[in-house]
Amino acid sequence: MLKNTIRTIPDYPKAGIQFRDITTLLGNAESFRAAVGQLAAPYAGIGIGKVAGIEARGFILGGAVAHQLQAGFVPIRKKGKLPHDTVRIGYSLEYGTDEMEIHRDAVASGEKVILIDDLIATGGTATAALALLRSLGAEVIAACFVIDLPDLQGAKKIRDLGVPVLTLITFDGH
Ligand code: AMP
């Protein structure tokens with residue numbers, strides 16, 4: 001069972017957070033392959049042009065999903081990491097704010113894209129990534145995550161923005 005391959009670290013990076021560590025899922029050949037297969041399967045054969053992954057764990061999953069779908073891969077990165085012309089957006093974290101970027105020429109207007117990250121919590125990160133993709137004219141077909149923390153209502157937030165959400169596993173609480 002996929003859920004059993006995820007390791008939970010209590011009070012990391014700070015007290016009260018149950019950190020859902022996917023390195024154990026990634027390190028297990030069967031669970032890595034199963035997760036990538038389940039994230040990709042609904043989108044096979046429908047003309048997905050790009051898979052966009054959110055730094056850093058979204059790169060690992062997104063690259064493999066892109067390969068599976070015979071699509072390109074697009075990195076959405078923390079500010080200052082991408083070398084060419086970018087579009088940038090600010091977003092809120094639990095404490096403070098951060099900024100992320102995408103290359104301006106990474107996606108064509110009207111191109112079908114799926115967005116990938118390891119986990120959706122409050123949905124702040126995915127909402128910002130979605131706004132970047134839409135600012136380039138992408139048609140975002142779905143946002144896909146291995147883990148959902150439904151108590152934090154992030155997936156609902158993305159669905160309310162008109163994008164279907166796929167998640168494979170849920171954990172109660174934060
Ligand atoms: P959010 O913007 O609140 O949806 O947070 C999602 C981002 O923070 C993802 O990139 C996750 O990797 C990371 N994250 C948030 N909460 C956790 C958690 N409990 N365990 C592991 N990663 C988390």
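All values derive from a computational prediction rather than experimental measurement. Every number for a ligand or one of its atoms is a count from 1 in the order of the listing.
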- How far does OG1 of T125 sit from CG of L115, to the nearest 0.5 angstrom? 10.0 Å

- Query: Do any nitrogen or oxygen atoms of H174 lie less than 3.5 angstrom from nitrogen or oxygen atoms of ligand 1?
  - Reply: no

- Task: Start with the C-alpha distance between H174 and L149, add both sets of side-chain angles, then the distance that settles side-chain contact (heavy atoms from CB on, under 4.5 Å), and finish with yes or no.
- Result: CA-CA 7 Å; H174 290 208; L149 306 183; 5.5 Å; no

- Message: Could you check whether K14 makes a cation-pi contact with F19, meaning its NZ or CZ is under 6.0 Å from the centre of the six-membered ring and within 45° of the ring axis?
- Response: no

- Task: Around atom 19 (N) of ligand 1, find the nearest protein heavy atom and jot down its residue, atom name and distance.
- Result: Q18 O, 3.0 Å

- Query: What is the closest protein heavy atom to atom 20 (N) of ligand 1, and at what distance does it sit?
  - Reply: R20 N, 3.0 Å

- Message: Just by distance, no angles: are the side chains of R104 and T86 close enough, under 3.5 Å, to form a donor-acceptor pair?
- Response: no

- ligand 1 atoms nearer than 4.0 angstrom to some heavy atom of D118 are 9 (C), 10 (O), 11 (C), 12 (O)

- Query: Above 12 or not: heavy atoms from other molecules or residues under 6.0 Å from OH of Y12?
  - Reply: no

- Query: With a cut-off of 4.0 Å, which atoms of ligand 1 are near a heavy atom of R57?
  - Reply: 12 (O), 21 (C), 22 (N)

- Query: Quick check: are there more than 12 heavy atoms from other residues, nucleotides or ligands sitting under 6.0 Å from CZ of R33?
  - Reply: no

- Which ligand 1 atoms are under 4.0 Å away from a heavy-atom of T125? 1 (P), 2 (O), 5 (O), 6 (C), 7 (C)

- N or O contact, A121 vs ligand 1, cut-off under 3.5 Å: yes

- Could you find the nearest protein heavy atom to atom 3 (O) of ligand 1 and give me its residue, atom name and distance? T122 OG1, 2.5 Å

- So how far is it from I147 CD1 to D117 CG, rounded to the nearest 0.5 Å? 10.0 Å

- Query: Considering I158, D117, V146, which one's heavy-atom position lies nearest to atom 9 (C) of ligand 1?
  - Reply: D117

- Task: Report yes or no: does a heavy atom of A126 sit under 4.0 Å from some atom of ligand 1?
- Result: no

- K112/E139 ion pair, N-O < 4.0 Å: no

- Considering all heavy atoms, the nearest E101-K78 contact: OE1-O, 4.4 Å

- Message: Suppose we measure from atom 15 (C) of ligand 1 to each protein heavy atom; which comes out shortest, and what is that distance?
- Response: L119 CD2, 3.6 Å

- Query: Does atom 12 (O) of ligand 1 have any protein heavy atom closer than 4.0 Å?
  - Reply: yes

- Hey, is ligand 1 close enough to F19 that some N/O pair sits below 3.5 Å? no

